[in-house]
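Some notes on the structure that comes next.
Sequential numbering from 1 along the given sequence is applied to the chain's residues.
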Amino acid sequence: MRTSRRPQEPLDLGDFDLLLPRQAETALPKARQSLLEEALWAEAHRTVPCAPRSRARRTAWIALPAAAAVTAGAVIFAPGGSGAPGTDARPPKAGVQLESGAVTGLSATVDRISLAAARQPALEPRQDQYIYVESKVTGGWVDRTGGKEKLVVTPLHSRQVWHSPDGLKGFVYEPGHAFMDKNGEDLDLDPARETTGWGSYNSVKQLPTDPDVLLKRLYRWGKTGDPQADWTAFGEIGQLLEEQIATPEVSAALFKAAAKIPGVTLVDKAVDATGRTGVAITHTGPNSRQEWIFDRNTYQYLGQRDVLVKPYRGLEPDTVTRETVVIKRAVVNAKKELPDGTTLRAEPNSRLP
């Protein structure tokens, strides 16, 4: 994770790739160029100042679950989740029907979500341990085949990540990713040159538990009621919903703070990437709607998705451009160690004894 800059102006979605040199002007391999474009596209698409990340970490892949930390070797499974890694070859979802959001019931639902989070058992991983998260994810990248540019949404596939509490060490294994090393990639940082920012476990742990104080922290680059600042604040919490753990108190405060952001609504019917239904807390930005999906009965966090609300690079409105589903979370003792005590192999679907 690298230090993120303070955004000056919202990034124009049609021109974000001008930040990158064209192939003829760069020494980057095509795969690395495309990976960088994917990250920039995701950041521009969400217009959120992302938590600092390493070279291989996907945009918006640092997160905070409603479920709290677990002991080393123990696992938190998402309701109905499957631990089997692999790739789902379904095409990108287009023409999804977006349920209208409303403020009616939002406060009560957020209270239930916060209460569910606060009831989770609290546990601090030791500084020599690793946070492990297995998810199923999709993402977008720019295809320039034939001289034409088109946004391509990858199929749903497995992703496993390990990161230390201080955020300085990590590893990601995502063989279904189009451009990442199929054997996985280290996310280790040089502490003399790079900093982890507020996305690490240690920094998230220090967040205020008073929702109003926390909200001020989220609006450090803007004011409540400004559409860009509101979208940014919601997006920052969204980044803390995917691959991180936190104390139950911080989790509850984040959800309560989100409910105070102008434009946040409750959607009574939502579906995650694996077909599980629930309720969603949503916010609509300039080009897409972000949805955080929770189990209707337990109010446990399931995942999230981004859905276009206007045409973009060959994709029509109501197209799902990004999804994440949490399969399991755990605290383990070493990088590449799995919750059952085995070690990750480089080849997909295999483990060392």
Side chain to side chain, H163 and Y201, heavy atoms closer than 4.5 Å
no
* Asked: Would a hydrophobic clustering, with Ile, Leu, Val, Met, Phe, Trp and Tyr connected at side-chain separations under 4.5 Å, put W292 with L106?
  -> yes
Looking at G139, is its backbone amide N or carbonyl O close enough to the side chain of T154 to form a donor-acceptor pair, meaning the two atoms are under 3.5 Å apart?
yes
Are V267 and I113 connected in a single hydrophobic cluster, I mean Ile/Leu/Val/Met/Phe/Trp/Tyr linked by side-chain heavy atoms less than 4.5 Å apart? no
Is any side-chain heavy atom of K269 closer than 4.5 Å to a side-chain heavy atom of R296? yes
Would I261 and L266 show up in the same hydrophobic cluster when neighbours are defined by side-chain heavy atoms closer than 4.5 Å?
yes
Exercise for the section: Given ring-ring contact (aromatic ring centres under 6.0 Å, His included), test F294 with F255 step by step and report yes or no. Expected result: CA-CA 12 Å; F294 299 85; F255 294 129; 5.6 Å; yes
Ignoring hydrogens and geometry, is there a side-chain-to-backbone donor-acceptor pair from E291 to A270 under 3.5 Å? no
**OP:** Examine distances only and state if a side-chain atom of T138 and a backbone atom of E323 form a donor-acceptor pair shorter than 3.5 Å.
**Re:** yes
side-chain contact (heavy atoms from CB on, under 4.5 Å) test vs L214 passes for just one of L254, V250, I237, namely L254
* Asked: Should the heavy atoms of other residues, nucleotides or ligands under 6.0 Å from NZ of K335 be counted, would the total exceed 12?
  -> yes
Could you check whether any side-chain N or O of D186 sits under 3.5 Å from a backbone N or O of D188, counting only pairs where one atom can act as donor and the other as acceptor?
no
Checklist entry - Any donor and acceptor pair, going by atom type alone, linking the side chain of S135 with main-chain N or O of V137 inside 3.5 Å? => result no
query = Between R329 (side chain) and I131 (backbone), is there a donor-acceptor pair under 3.5 Å?
reply = no
Next on the checklist: Donor-acceptor check, side chain of T342 to backbone of L338, threshold 3.5 angstrom: yes or no?
Outcome noted: no
Quiz prompt | Main-chain N/O of P286 paired to W231 side chain as donor or acceptor, under 3.5 Å | solution = no
Exercise. Without swapping roles, check the side chain of Y312 against the backbone of N287 for a donor-acceptor pair under 3.5 Å.
Key: no
- Message: Do Q127 and N202 make a side-chain contact, defined as non-hydrogen atoms from C-beta onward lying under 4.5 Å apart?
- Response: yes
Donor-acceptor under 3.5 Å (R119 side chain, A116 main chain): no
